[in-house]
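Predicted model, so just to flag it, every value in this text is computed and none were measured.
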Amino acid sequence: MLAKFVAYFITQSNAILTDALESIVNVLASSFAFYSIYLATIPKDKNHPYGHGKVEFFSAFLEGTLITIAGLIIIFKSTYDLIYPKPIHQLFEGAIIIGATGIVNLIIGFYLINTGKKHNSITLEADGKHLLTDAITSAESGGWCNFNTTHQNLLAG
């Protein structure tokens with residue numbers, strides 16, 4: 001997450017800023033996801049006769065909500081900078097940083113999806129899929145592939 005913000009401050013690129021905002025969502029959602037997995041392992045009790053597993057569904061909902069909020073911020077910032085443009089600097093350095101973080105997210109995303117399927121955890125699968133979409137948007141914002149802006153906005157929000 002910090003690396004992406006460094007890349008944004010170096011480049012002043014909105015595409016890289018959107019990737020950095022997405023990383024905030026990743027950290028917050030992952031933190032709650034792992035806490036919800038812990039809660040789901042607690043045995044059923046008097047107040048929860050069917051166990052605590054349903055908290056994982058709330059975790060997936062929270063992650064979706066955070067993605068939507070980040071998407072709205074991205075749309076606002078992009079619209080603002082479209083009206084009041086500023087130059088982009090040191091794009092190559094920013095692209096290298098974003099490319100490296102994208103590869104890390106891709107690897108972790110596949111790992112979480114496989115682990116989620118193995119342990120029947122919707123939370124781990126949702127978090128892994130979120131990281132895969134983050135790897136795709138990293139490739140787009142870092143200039144490693146050329147998808148259109150509409151596609152990036154759809155993935156972000």
Side-chain angles (χ1 to χ4, degrees), residues 1-39 54-117 121-157:
M1 178 173 71
L2 181 61
K4 291 181 180 183
F5 277 104
V6 168
Y8 167 69
F9 287 116
I10 290 172
T11 64
Q12 296 298 305
S13 166
N14 273 343
I16 292 177
L17 176 62
T18 62
D19 207 26
L21 290 174
E22 187 68 17
S23 291
I24 290 174
V25 171
N26 283 345
V27 170
L28 293 175
S30 294
S31 298
F32 189 76
F34 288 116
Y35 179 66
S36 72
I37 290 170
Y38 161 74
L39 289 177
K54 292 193 184 248
V55 72
E56 287 194 73
F57 292 102
F58 180 72
S59 175
F61 168 77
L62 177 67
E63 186 165 355
T65 302
L66 289 171
I67 291 169
T68 301
I69 291 169
L72 292 172
I73 292 170
I74 290 164
I75 290 169
F76 175 77
K77 177 76 169 103
S78 297
T79 303
Y80 178 84
D81 284 348
L82 186 63
I83 296 168
Y84 305 103
K86 58 185 174 188
I88 297 174
H89 309 283
Q90 296 177 296
L91 194 55
F92 180 75
E93 291 84 354
I96 294 296
I97 294 169
I98 294 301
T101 60
I103 291 169
V104 170
N105 282 337
L106 187 71
I107 293 167
I108 294 172
F110 279 124
Y111 174 77
L112 288 176
I113 290 170
N114 290 333
T115 303
K117 286 179 181 178
S121 171
I122 189 173
T123 302
L124 284 176
E125 284 189 60
D127 208 35
K129 289 177 182 178
H130 183 194
L131 283 175
L132 288 184
T133 60
D134 192 42
I136 292 168
T137 57
S138 291
E140 292 172 339
S141 65
W144 296 103
C145 62
N146 190 16
F147 293 124
N148 62 41
T149 305
T150 304
H151 181 253
Q152 185 163 0
N153 285 337
L154 288 173
L155 283 174

To the nearest 0.5 Å, tell me how far [X] [atom1] sits from [Y] [atom2].
| X | Y | atom1 | atom2 | answer |
| --- | --- | --- | --- | --- |
| Glu63 | Phe58 | CD | CZ | 12.5 Å |
| Lys129 | Ile122 | NZ | CD1 | 8.5 Å |
| Leu132 | Ile108 | CG | CD1 | 11.0 Å |
| Ser23 | Leu2 | OG | CG | 10.0 Å |
| Thr101 | Ile96 | OG1 | CD1 | 11.0 Å |

Would you say the side chain of [Y] lies within less than 4.5 Å of the side chain of [X], judging by non-hydrogen atoms?
| X | Y | result |
| --- | --- | --- |
| Ile113 | Leu124 | no |
| Tyr111 | Thr115 | yes |
| Leu28 | Phe32 | no |
| Ile88 | Leu91 | yes |
| Leu106 | Leu131 | no |
| Leu82 | Thr79 | no |
| Thr11 | His89 | no |
| Phe110 | Asn105 | no |

Subject >> Exercise: identify the closest heavy-atom pair between Ala135 and Gly102 >> reply: CB-O, 3.5 Å
Original post:
Can you check whether Phe57 and Phe61 have ring centres sitting under 6.0 Å from each other?
Top reply: no
Subject >> Summary of salt bridge (charged side-chain N to carboxylate O under 4.0 Å, His left out) pairs that have at least one residue in residues 69-80, sequence neighbours excluded >> reply: Lys77-Asp81
**OP:** Begin from the C-alpha positions of Gln12 and Leu17 and carry the test side-chain contact (heavy atoms from CB on, under 4.5 Å) through to its verdict.
**Re:** CA-CA 8 Å; Gln12 296 298 305; Leu17 176 62; over 6 Å; no
Original post:
Can you name the residues that form a ring pair (Phe, Tyr, Trp, His ring centres under 6.0 Å) with Phe34, not counting sequence neighbours?
Top reply: none
**OP:** Verify, without hydrogens or angle tests, whether Thr68 (side chain) and Gly64 (backbone) share a donor-acceptor contact under 3.5 angstrom.
**Re:** yes
Original post:
With respect to Ile16, which candidate in Leu21, Val6, Ile98, Ile97 satisfies the side-chain contact (heavy atoms from CB on, under 4.5 Å) definition?
Top reply: Ile98
